Enquirer: 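Could you have a look at this structure, given as structure tokens, before my questions?
For the numbers below, each heavy atom of this structure counts, side chains included, while hydrogens, waters and symmetry mates do not. FYI, the numbering just counts along the sequence from 1. All values derive from a computational prediction rather than experimental measurement.
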Amino acid sequence: MTNNKAAQQMKMFKKEILQMPEGYYSSGPNPNLEKFVQEHATPYDPATDDYDVPPFDKPIKTTKATAIYNMHTYWSKKPHDAIREYIKHYTQPGDLVLDPFCGSGGTALAALMEGRKAIAIDLSPAATFITKNYCTPVDVDELQRSFNELEAAIKPEMDWLYETRCDRCDGRAMTNYVVWSYVFECPRCLNRMPLFDCPEAEVPEKSGKGTKKVTVCPYCQKNRHLEEISTLSTKRFEPVPVLVNYECLDGCTPKRGERTHNDTDPKKEEYFKRYDLAKIAEIEENQIPYWYPNNKMLNSKRDNYQRWGVLWRKYHFGINKVSDFFTKRNLWALALIKKEIELVDNSNLRSALLGIFSASILAVSRMIRESNTATLPGTYYIPQISKEIFVWSTYSNKFRVKIKGQEEINELIKTNKLLISTQPCQDLSIIKNDSVDYIFTDPPYSGTVQYGELNFIWEAWLNFNTNWHDQEIIVNDFRKVN
């Protein structure tokens, strides 16, 4: 067979598997499940079956540092290439693989890569949506074109949201990130200051043995007294912007510059007030013109400052809605991107762009620490000093990872025989006995990972059902689910 003919056949095959005929259902059980099993299962016959596979006893070398793994964050997920080893060992091409707690779809993806058929089930619509995006080949050239069109559509408004000025050449600049710090009141001198301004110092332990490093009041320190500013017990006030990192668009070298609210350079301090604080104030004075989720966390009927779930913390101070986890500027930018994505006609490309969007959401929330560009996994933690990151930069970075991972997926997937269903797994009687060849699953770890609560922000942004938690198989003392 000539190379051209082989390439053409491969292209036709890849085009064929761009769709999942049995469908993906984000809001309920897939009605095609029984039909899918009937068509793709191999009935078990004890008289003729000679299945005899020894236990899996090989070491597996794997890494999470891959484009496919990093296409989307999910809680406690396993690398798909490790799962592939189990599927290759225990099954044959064409066998039917089931994962009733599919999470982000690692099992389904591994099965498709090994030429097996797969059923992926999860109660969380965020999980099945991520699974769908992981397991669906996408034409990367078309995806790139859609991304370019999206970028062009949002650019004027995105530029307005993050524009600032360079304090070196007085030229145009874009905000890379803003550091926000909660303000605390010193219990001794009663001065209020951002925690960002508070130095660290060594103070004696209460026991009298040794010293410890604590954050202290800068005003008291000047008067030769070390008064600790405890983030747990000191009176706290709303966060304020304290540092801006920007990129000059008019030729400065290096491109990046930085300034603080109390900068020792008078010009930098002036520009911080004139351009950075003024932009934030301008945004605050306007209403966001697009839809964004205003759901109370976990659809709680409680008032502000009251617990809404296991992951609620006292230090959240009124973080009661999904929107409370974002600055207004980043909330606006996310709403703008989502509005434009919804206008994409091609459902496959729209889904892929929304998948990138969902992968970006938490990475531009108030949960990003000043010292790190990642959230603390498995929890909702708003740090005392946080970083407001330019939303489009994050989305663009996630897009590049998606393209790289998608190219690998397109090359490795061998079949489109996949069914995804959003439903509980307590009753799978519709799947007849002896019809599944292999089950590989990773069920919840008691109450260690609160999947329902952690997926809530994604599901709210994607307009999915957020009222399924009473059916979740998890230990959750707040909901009395055991």
Side-chain angles (χ1 to χ4, degrees), residues 63-67 69-77 79 104 162 174-184 194-200 213-215 229-232 236 238-247 254-261 276 280 311-317 319 322 324-327 329-331 333-334 356-402 404-405 448-450 453-458 461:
T63 177
K64 295 180 179 180
T66 67
Y69 187 90
N70 290 318
M71 280 166 57
H72 205 295
T73 299
Y74 199 78
W75 327 108
S76 70
K77 72 176 180 181
S104 58
Y162 293 91
M174 290 295 290
T175 304
N176 290 318
Y177 62 82
V178 177
V179 173
W180 291 72
S181 172
Y182 275 98
V183 173
F184 289 84
L195 186 66
F196 179 83
D197 294 343
C198 297
E200 288 188 334
K213 186 176 287 187
V214 298
T215 302
I229 302 298
S230 168
T231 57
L232 295 176
R236 190 178 82 162
E238 288 300 308
V240 296
V242 293
L243 179 148
V244 166
N245 183 285
Y246 67 86
E247 183 170 312
K255 290 183 178 181
R256 289 202 168 204
E258 205 165 84
R259 52 187 176 240
T260 63
H261 73 112
D276 303 319
I280 292 170
L311 299 181
W312 178 90
R313 296 291 181 269
K314 288 183 179 179
Y315 57 71
H316 280 152
F317 282 89
I319 301 296
V322 171
D324 294 333
F325 281 92
F326 303 88
T327 63
R329 171 159 48 191
N330 280 11
L331 195 66
L334 285 170
I356 301 165
F357 176 82
S358 66
S360 306
I361 290 171
L362 300 183
V364 295
S365 71
R366 292 174 59 194
M367 293 185 281
I368 297 297
R369 293 162 283 168
E370 176 205 8
S371 58
N372 202 314
T373 56
T375 60
L376 286 175
T379 187
Y380 286 131
Y381 170 71
I382 294 182
Q384 308 292 347
I385 303 177
S386 61
K387 184 184 291 185
E388 176 193 33
I389 298 175
F390 180 27
V391 167
W392 185 246
S393 174
T394 296
Y395 189 92
S396 298
N397 290 337
K398 295 289 185 183
F399 173 79
R400 285 189 284 272
V401 175
K402 167 72 172 178
K404 189 175 180 181
T448 305
V449 181
Q450 293 293 327
E453 294 192 9
L454 289 166
N455 290 2
F456 189 85
I457 291 180
W458 287 332
W461 268 106

Enquirer: Does the Ser181 side chain pair with the main chain of Leu195, one donor and one acceptor, at a distance under 3.5 Å?
Expert: yes

Enquirer: Checking Thr327 against Glu388: is there a side-chain donor and acceptor pair closer than 3.5 Å?
Expert: yes

Enquirer: Please assess Glu247 against Tyr162 for the test side-chain contact (heavy atoms from CB on, under 4.5 Å), listing each intermediate value before the final yes or no.
Expert: CA-CA 11 Å; Glu247 183 170 312; Tyr162 293 91; over 6 Å; no

Enquirer: Got Val178 and Thr175 here, is their nearest side-chain heavy-atom distance under 4.5 Å?
Expert: yes

Enquirer: For residues Trp461 and Phe357, establish whether the separation of their ring centroids is below 6.0 Å.
Expert: yes

Enquirer: Strictly distance-based, threshold 3.5 Å: is any side-chain N or O of Tyr381 a donor or acceptor partner for the main-chain N or O of Arg313?
Expert: no

Enquirer: For Pro377, is there any backbone N or O sitting under 3.5 Å from a side-chain donor or acceptor partner on Thr375?
Expert: no

Enquirer: For His261, which of Leu243, Val240, Asp197, Val179 qualifies under side-chain contact (heavy atoms from CB on, under 4.5 Å)?
Expert: Asp197

Enquirer: How far apart are the C-alpha atoms of Leu331 and Phe325, what are their side-chain angles, what is the distance that settles it, and do they pass the side-chain contact (heavy atoms from CB on, under 4.5 Å) test?
Expert: CA-CA 9 Å; Leu331 195 66; Phe325 281 92; over 6 Å; no

Enquirer: Give me the atom names and distance for the closest heavy-atom approach of Arg369 to Lys387.
Expert: O-CB, 3.8 Å

Enquirer: Check for a donor-acceptor pair, side chain of Arg366 on one end and backbone N or O of Asp324 on the other, with a separation under 3.5 Å.
Expert: yes

Enquirer: Give a yes or no on this: more than 12 heavy atoms of other residues, nucleotides or ligands lie within 6.0 Å of atom NZ of Lys77.
Expert: yes

Enquirer: Do the side chains of Asp276 and Arg259 get close enough for a salt bridge, i.e. N-O under 4.0 angstrom?
Expert: yes

Enquirer: What's the shortest heavy-atom distance between Gly378 and Leu311, and which atoms?
Expert: O-CD2, 4.0 Å

Enquirer: For the residue pair Met367 and Thr379, what are the closest heavy atoms and their distance?
Expert: SD-O, 4.3 Å

Enquirer: For Thr73 versus Trp458, what's the shortest heavy-atom pair and its separation?
Expert: O-CH2, 3.1 Å

Enquirer: Any heavy-atom pair between the side chains of Ile361 and Ile457 that's under 4.5 Å?
Expert: yes

Enquirer: Heavy atoms only: give me the nearest Pro383-Ile368 pair and the separation to one decimal.
Expert: CG-O, 3.8 Å

Enquirer: Decide yes or no for Glu258 and Tyr177: does some side-chain heavy atom of the first lie under 4.5 Å from some side-chain heavy atom of the second?
Expert: yes

Enquirer: Between Tyr380 and Glu453, is there a donor-acceptor pair closer than 3.5 Å when you use the side chain of the first and the backbone of the second?
Expert: yes

Enquirer: Looking at Pro241 and Ile280, what are the two nearest heavy atoms and their distance?
Expert: CG-CD1, 3.8 Å

Enquirer: Is a donor from one side chain sitting under 3.5 angstrom from an acceptor on the other, for Ser358 and His72?
Expert: yes

Enquirer: Looking at Asn330 and Val364, would you say the former's side chain and the latter's main chain have a donor-acceptor pair under 3.5 Å?
Expert: yes

